[in-house]
Amino acid sequence: DPVTAARNAHETLVAGGQLVTLDPKAAGDSLAENLTDPLASTFYPVSIFICTPAALAQHGPMALGALGGERALRQVLVDGGFTNVERVAPDAPFNMVLVATRDGDE
């Protein structure tokens with residue numbers, strides 16, 4: 001349940017605390033985007049046979065799998081209570097890194 005995990009992190013962090021997510025850079029926001037990255041051909045089978053079934057077996061409300069995409073991941077963080085989400089390290093060859101910071105005025 002990624003939203004509940006994000007919400008728990010948000011509630012635990014002090015003002016200015018950060019949650020860092022690390023996901024495959026191959027994860028695009030659409031199937032068309034994912035098919036343009038050669039690594040997607042590796043991540044899709046992982047998602048189909050490991051990540052998604054594991055998430056569904058936990059009976060959570062969401063199963064992102066290995067290729068959730070930046071838009072979906074940002075939404076998870078926003079739904080978890082974060083309002084400040086920034087993508088960092090854009091030149092990282094394999095990873096998409098998002099940093100969510102807990103606001104100080106909550």
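Predicted model, so just to flag it, every value in this text is computed and none were measured. For the single chain, residues carry numbers from 1 onward in sequence order.
- Looking at Val99 and Leu19, their side chains never come closer than 4.5 Å, going by heavy atoms from C-beta outward.
- Using a 4.5 Å cut-off between side-chain heavy atoms of Ile, Leu, Val, Met, Phe, Trp and Tyr, with links allowed through other members, Val78 and Leu13 fall into different hydrophobic clusters.
- Remark: Gln18 engages Thr101 in a side-chain hydrogen bond (donor to acceptor under 3.5 Å, both in side chains) (not counting sequence neighbours).
- Between the side chain of Arg102 and the backbone N or O of Gly16, no donor-acceptor pair lies under 3.5 Å.
- Nearest heavy atom pair, residue Phe82 against residue Ala6, reads CE1-O, 3.5 Å.
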Which pairs of donor and acceptor atoms, one on a side chain in residues 85-98, lie under 3.5 Å apart (sequence neighbours left out)?
residue : atom : partner : partner atom : Å
Arg87   : NH1  : Glu70   : OE1          : 2.7

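- A salt bridge (Lys or Arg N to Asp or Glu O under 4.0 Å) check over residues 45-56, counting only residues at least two apart or in different chains, returns nothing.
- Qualifying side-chain hydrogen bond (donor to acceptor under 3.5 Å, both in side chains) partners for Asn84, counting only residues two or more places apart in sequence or in other chains: none.
- Summarising the geometry of Thr12 relative to Asn8, their closest heavy-atom pair is OG1-O, 2.7 Å, with the distance given to 0.1 Å.
- The OG1 atom of Thr4 sits 9.5 Å away from the CD atom of Glu11 when rounded to the nearest 0.5 Å.
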